[in-house]
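Below is one structure, written out as structure tokens; comments come after it.
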Amino acid sequence: MRLKVNLKGAVQGVGFRPFVFRLATELGLKGWVINDSSGVEIEVEGEEHVLQTFLIRLNAEKPPLAHIYSQEVEYLEDKGYENFEIRESKEKGKKEVLVLPDIATCDECLKELFNPQDRRYMYPFINCTNCGPRFTIIEKLPYDRPNTSMKVFPMCEDCFMEYKDPTNRRFHAQPNACHICGPWVSLYSSDGKLLAERDDAINLLIKALRDGFIVAVKGIGGFHLMCDATKEESVKLLRDRKRRLEKPFAVMFKDIKQVSVYAEPTELEKALLLSPERPIVLIKKRKELAPSIAPGLKRVGAFLPYSPLHHIILKALDFPLVATSGNLSDEPIVKDNEEALRKLSLFADMILIHNRDIRRRCDDSVFKVVGGIPQPIRRSRGYAPLPVKLPFKLPKKTLAVGGMLKNTFAIGFDDTVILSQHVGDVENLETQRNFESMVFDLMKLYEFKPEVVVCDLHPRYETTRWAEYVSHKENIPLIKVQHHYAHILSCMAERGIKGKVLGIAWDGTGYGDDGTLWGGEFMLCDYQGYERIFYMKPFRLIGGEKAVKEPRRVALSLLFELYEKDVFDIPLPTVRSFKKSELTTLYTAWSKGINSPYSSSVGRLFDAVASLLNIRQTISYEGQAAMMLEDLYDPYVKDHYPYLIEEKHIDWKPTVLAIIEDREKEKIPSRFINTLAKICLDVSIRLNVEQVCLSGGVMQNDPLVGKIKELLSDRGFKVYTHQKVPANDGGLCLGQAVYLLV
Ligand SMILES: [Zn+2]
Ligand SMILES: [Zn+2]
């Protein structure tokens, strides 16, 4: 008999065909295997029971990086094949194969990298079918060398032998290369002079790092700016040059041992650090690196080397490196050599480039353990473009454009939603262009043509405007989804939830369907719609956007609600941080509602508490005040403040009054967070919906989520948090994609 198998999923570039070749040969089966645009196709002939064994072992022993999403099997009459062969790839049909993400250097390649006897000793581009770049080098499908940025490097004889040999680890490893035939690195000075090439370049770079210089290094999905993470002078200089005041820098450590000197990773965090995706993981600090790395925070963003070049550099140094995205502020990460020499020379003393082009930028991913479970804060390199599988099918090909901040977008078809890599904030012209080109890029890669486009409700998001334009131009329907509802939908979709849920969507701000700014919502949701049941009592954001940067304005607004003008004479740090004349102006703005929109945001309540405690009166990056409060949580503090649940509102006034009167200052952050968790419990009991989904940026707060889960599960509720996409706006597009489409 003849068995025909069609596999779809992430099955190309993972060593699938050689695996099939070995398996079929071992079982004495004849036939062939081939890659096409929709996946892998296999035909094998032999005895029926052997064919069954083949099928079982095909699934059980498949290569570790392969993800099979669908498998069609057919038994047919045999054709009398004479041997088993791997046939040339063919381009046909719909592009359904999934592009793999970029995978960190595997252990076998690492051994070769540092083995002086190996022909790839210290070769910064070593890789095999189990590791190496994928998403960032692909030009089009199917995934074959001529369709990648490796096409300009013809393989030498040795490399080609490996590439052709089905028993070799590098069989059809598309980026396969070596010192002789592959890409190499070059080091430039900031004024554009070539300093050195190949090994000499790396040695010179290592010396520069030891001497405290700042360098730019081309990686997998873009450039990093690097310097000695223990040398305050260098880190401070990098901050000055980048004009980045306090936003934390990520730190690359050579290994887990070195991480453990400076931080206290749990077993779970160690596993995340070592995973082939190699994300940045936010871990509790142990010993201070340079103080300017993450000022005022108790956590550090740590990650391990993931390209051979990183391994070579880190191995030569006895200190960890700051490794932050190489970009001008508010611009996307730099990926091209020419652009790096032009832009990054403003920050870096030297620039290490290489001649393997990056086809699409891909920032590092970030994870944090929240309430005991790893949660993506940014889902990008290592994860994009792997899809999220849905518990149902989308009726239409859907393009979901996401939000404005931390943007990602998605294309959805059948039961598959492919989320883009991190795009970033889509605010200025440069980032808008970048957003648009990334959308076109992903659609082109999959030959995807949307039948419907979905966006946020906010009329002033650039992504909303763009979606309106596309809808008009392509003559396809446009659907707008409320921000917080989309947050909850994204949690439901990634966790495969059906039926009704209580969605608790807490974040900074999002546009509500009544035109005010939401962010403290309790909603009853299913895929067809939502009902806003309870929300934080709205308060004014004095000065609108300015209140986001100045927590003291939010606190002052709450104080006006409580004391009106009398607050001028109360000696609170919030009040004292303003001049008398400012207070008068702000009071007028507040009482008359001048540029002071109403908001129900819990994110802003965190800001207000930070101001009342004099932890922060102003902030220099989003979420800063809330992160500092989170760090001050003490699990041994069990009590909470009073609050009121009214017909629609959760009234925070009793809470704020109690905070002002609390003499045990150090316990205030814990009691405040406990109060928020208790509110969630009370509302859940009132609404009595078994499934509760937590989403929105505030739900990245570890002690808060931990406490909510503890309280709610004790009462029999099933609490769902994010695991695949971020709870912040980086996950919005998934929620948008699934609305109304079930
Ligand atoms: Zn490898
Ligand atoms: Zn070679």
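One-based numbering along the sequence shown. Computation of the quantities below employed the complete heavy-atom set of this structure, encompassing side-chain atoms and omitting hydrogens, waters and symmetry-equivalent molecules.
- With sequence neighbours excluded, the residues satisfying side-chain contact (heavy atoms from CB on, under 4.5 Å) with Glu462 are Val426, Gln432, Arg465.
- Applying the salt bridge (Lys or Arg N to Asp or Glu O under 4.0 Å) test to residues at least two apart or on different chains, the pairs with a partner in residues 605-623 are Glu246-Arg616, Lys406-Glu622, Arg604-Asp607.
- Taking the charged nitrogens against the carboxylate oxygens, Lys284 and Asp702 have no contact shorter than 4.0 Å, which rules out a salt bridge.
- Applying the side-chain hydrogen bond (donor to acceptor under 3.5 Å, both in side chains) rule to pairs touching residues 576-585 yields Arg552-Ser577, sequence neighbours excluded.
- The ring-ring contact (aromatic ring centres under 6.0 Å, His included) test applied to His458 returns Tyr461, Tyr511, not counting sequence neighbours.
- Looking at Arg299 and Glu630, a side-chain N of the basic residue comes within less than 4.0 Å of a carboxylate O on the acidic one, giving a salt bridge.
- In summary, Arg532 and Asp514 engage in a salt bridge, as defined by a charged side-chain N under 4.0 Å from a carboxylate O.
- The ring of Phe534 has its center no closer than 6.0 angstrom to the ring center of His649.
- Judged as a side-chain contact (heavy atoms from CB on, under 4.5 Å), and not counting sequence neighbours, the contacts of Pro332 are Arg361, Glu430, Thr431, Asn434.
- Between Arg671 and Asp639 there is a salt bridge, since a side-chain N of the basic residue sits under 4.0 Å from a carboxylate O of the acidic one.
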Can you give the donor-acceptor pairs under 3.5 Å from side chains of residues 538-549 to other protein atoms, not counting sequence neighbours?
residue : atom : partner : partner atom : Å
Arg540  : NE   : Trp590  : O            : 3.1
Arg540  : NH1  : Ser596  : O            : 2.7

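- Residues Glu267 and Lys270 are paired through a salt bridge, judged by an N-O separation under 4.0 Å between the basic side chain and the carboxylate.
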